[in-house]
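So the structure is just underneath, and the comments pick up after that.
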2 protein chains.
Amino acid sequence: MSRIYLNDQDMPKSWYNIAADLPFALDPYINPATMKPCAPSDMEAIFPPALIEQEMSSEREIAIPEPVRELLATWRPSPLIRAHALEKALGTPAKIYYKYEGTSPAGSHKVNTAIPQVYYNKLAGIKKLTTETGAGQWGSSVSYAAKQFGLGCTVYMVKTSFTQKPFRRSFMRLFGANVIASPSDTTAAGREELRKNPDTPGTLGCAISEAVEVAMQNKDTNYALGSVLNHVLLHQTVIGLEAKKQMELIGEYPDIVIACAGGGSNFGGLAFPFLRDKINGREVRAIAVEPSNCPTLTKGTYAFDYGDTAKLTPIMKMYTLGKDFTPPAVHAGGLRYHGMAPLVSAVVNHGLAEAESVHQQEIFQYGVTFAHTEGIVPAPESCHAIAAACKKALECKESGEAKTILFNLSGHGFFDFAAYDSFVDGKVYDPEYAEAAAAASIAQLPKVEL
Amino acid sequence: MSRIYLNDQDMPKSWYNIAADLPFALDPYINPATMKPCAPSDMEAIFPPALIEQEMSSEREIAIPEPVRELLATWRPSPLIRAHALEKALGTPAKIYYKYEGTSPAGSHKVNTAIPQVYYNKLAGIKKLTTETGAGQWGSSVSYAAKQFGLGCTVYMVKTSFTQKPFRRSFMRLFGANVIASPSDTTAAGREELRKNPDTPGTLGCAISEAVEVAMQNKDTNYALGSVLNHVLLHQTVIGLEAKKQMELIGEYPDIVIACAGGGSNFGGLAFPFLRDKINGREVRAIAVEPSNCPTLTKGTYAFDYGDTAKLTPIMKMYTLGKDFTPPAVHAGGLRYHGMAPLVSAVVNHGLAEAESVHQQEIFQYGVTFAHTEGIVPAPESCHAIAAACKKALECKESGEAKTILFNLSGHGFFDFAAYDSFVDGKVYDPEYAEAAAAASIAQLPKVEL
């Protein structure tokens, strides 16, 4: 059996809050105006009460409201798939499973949190949401969710993605959203950025500033963030909770759990339910995978930093490359954030989870191998997880170990063909990387025949 | 339970050949060179023996080879989904189910036949395949299947789609295919068409001529057709066979079965297993839905005609608008064929199935309503089936009948945002249609809020 399905009624009834189980204290958020720890009221200008409560909660289980479960059931539970064909192509004794989040309305895991976020805002009487989007997956998700509850939606889309992914914009428009390329002249933060860097490809940090600014200035408008914050990671735990149940059904448990990490929500969503077991003594590795040209966890500093360029968000203890870090216009638009979720940063810093970085050329080589074998064109973000999973599987081939690897295929790549075109046209080729790859064990890379 | 899944082992082991059960004789194909009935040997220049045998077979069940089943299991069995949210939006007592073929590697039902076609060609020692593509779904499917068996692949893509759907081309390239806009100067048929109509948006008929010409001139090259022919419809019956099993599981049987029809394979694939029951006395309606501006079944003539513009294909008895019919550059590129599968034509002509046409504006209105409620952006082709299903459901609302409606959601629309942009921008608006709609029962159309 290649695909393990669950029924609607097997969908989790509660989210899992790892904060309840961490064997160490989390640093508080700092209010950028007072430089003192944030009180819940500090966030009221942009978030509804229920989300602020979740952000600060230490309850282990937080019930998923029925209207949210009903909407999640539009596509959830998502399938768990055994990658038989990929295993065969790699010639590995490892068993590779992936949880596939690309069947959601917007094509990635992001909708898992968009729906509860819009729901709680609706409950609080909010009429409009602003948000930012990198790859377009988050903006699409909020647009979809806002449409479900009848809220308005404005999306600040990082300029490089706006250009590379015109159809992501079309998607958002189809669901009624207003999409603006960031930096824009519609906000003070955007105008300031344009003055300083007229030719900037845009950053998530700046797009966040623009969206937060609009939310702060309008009473009926709130802001929605697609990753980083505790409540976002909380909502994503449906991924790992379902995956655990699906693996149980077939008598499996992963040795290694892998997900890509931009802001950290897709990694947290898959890994946290397994880290709960690890905290309780079970052996399991969790690996967050990031691009080598935005190496937040692997080369960043663990320190207090701002979440955005304009210093509007709380200051958080996290791995960071500095709020003004502008990554090159790499293709995985969703992994270009300068910081990392405080919860993910903390579990990595305390040794509960690991981090690895992979090269853009490598992620496409493995990603295309995955498409050719498993029949799903993956989002470039997800290709990072694929690359790391394949490399672990190839290590198993060397060592002869039949490890069980589980990774999160966070989304499909049907909106990412501009990036795939670059790869097919040889433009992702990097001589420095290719030389290193030829000299080292990465020479095991499967040759992609096009 | 919204989604009804089957296990890998529940996938059909045989295709269903409706030719075995038809209560009337089918007209033979005519060889365009001799004007006499085709012998199997007449097709050997472009098709492998196994497919020619299937084309002419009157066996009821034809076994699916194991390597084909194994590859189909990459995504099959496909889900059957109850459209709860759509029903609620329409306020209908009808139960609406859809079989979702968009989870396939190329995003539509077309891969169901691409895999066996490539398999049988590989068995026959063929090294390369040529084909045509309208919407790009078929070309993507052959590219994917050819990659699985290591065959080369050249796709003649109707020029209007080549322009409207650049990422379909990217998809095919990612799977190793050579994609050429048709008409092209690489064939005599293409050059002739360009001479006559330099500004033509292209037609499927001409693209077929180009692909067939190349296959006829090269011994190691065969041609693959994505619809129309008996063996193609045969391969698609996995859709209806699975759907029957899925409905049985939940104790349901459809009153009405609906699919869009361009060449007829997606309609035949879903409907034929149900028409078998109808031939045996069970009550069930089957409706083929086509665009009102390419009204083959509803306004065409039932006659012998060529399958392509250059008169290279056999002459077939079918509903046709004439081989030189060039439909306007409507968005549903996959439904622009001048003819219709002889098997579908015959069952419609003999009253076993019905045909309806729907307007482009209408298909987008219902298609967007579907996306907003069911969370899947449908291919414009599939929107034709959605529109017809919704209209039947609205009739049930009028009459108070709780009919069970099953339609085929043949593919997703992630490559079709240029078309959706046109709709969102109001460019699909047709005053003549709007006036008629306002005056008639189609005024029930849900208002789409963007």
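Below, chain A is the first sequence line, B the second, and so on; all start at residue 1. Since the structure is predicted, the reported quantities are computational estimates derived from the model, not experimental observations.
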*For the atom pair CG (B:Asp416) and OG (A:Ser170), what is the distance rounded to the nearest 0.5 Å?*
11.0 Å
_Residue B:Arg76 versus chain A: region with a heavy atom under 4.5 Å_ = backbone
*Of the backbone (N, CA, C, O) and the side chain (C-beta and beyond), which part of B:Ala73 lies under 4.5 Å from a heavy atom of chain A, both, or neither?*
backbone
_I'd like to know if B:Asp421 pairs up with A:Arg169 as an ion pair, taking the criterion as any Lys NZ or Arg NE/NH1/NH2 lying under 4.0 Å from an Asp or Glu carboxylate oxygen._
no
*Heavy-atom count around B:Lys128 NZ within 6.0 Å, excluding the residue itself: above 12?*
no
*So which part of A:His412 gets closer than 4.5 Å to some heavy atom of chain B, the side chain, the backbone, both or neither?*
side chain
_From B:Arg82 atom CZ to A:Asp8 atom CG, the distance as rounded to the nearest 0.5 Å_ = 12.0 Å
*Is chain B contacted by the side chain of A:Phe167, its backbone, both, or neither, given a heavy-atom distance below 4.5 Å?*
both
*Validation row: A:Pro77, B:Arg3 side chains within 4.5 angstrom (heavy atoms)*: yes
*Go through the structure and list residues passing side-chain contact (heavy atoms from CB on, under 4.5 Å) with B:Pro65, not counting sequence neighbours.*
B:Trp15, B:Pro67, B:Val68, B:Tyr119, B:Tyr120
*Taking the side chain as every heavy atom from C-beta outward, state whether B:Phe417 and A:Leu174 have any atom pair closer than 4.5 Å.*
yes
*Are there more than 12 heavy atoms of other residues, nucleotides or ligands under 6.0 Å from atom CD of A:Glu252?*
yes
_Approximate separation, where rounding is to 0.5 Å, of B:Tyr5 OH and A:Leu6 CG_ = 9.0 Å
*Name the region of B:Phe415, side chain, backbone, both or neither, that has any atom closer than 4.5 Å to a heavy atom of chain A.*
side chain
*asked:* Counting only non-hydrogen atoms closer than 4.5 Å, can you tell me which residues of residues 98-109 of chain B sit against chain A?
replied: B:Pro105
*Find the one option among A:Trp75, A:Phe414, A:Phe171, A:Tyr420 whose heavy-atom pairs under 4.5 Å with chain B are most numerous.*
A:Phe414
*Given that the side chain runs from C-beta out, which part of A:Tyr144 has a heavy atom under 4.5 Å from chain B: side chain, backbone, both or neither?*
side chain
*Work out which heavy atom in B:His372 is nearest to a heavy atom in A:Gln148; give both atom names and the distance.*
O-NE2, 2.9 Å
*For chain B, find which of A:Val111, A:Val377, A:Ile376, A:Thr373 contributes the most heavy-atom pairs closer than 4.5 angstrom.*
A:Val377
*Select, from A:Asp425, A:Ile81, A:Leu71, the one with the greatest count of heavy-atom pairs under 4.5 Å involving chain B.*
A:Asp425
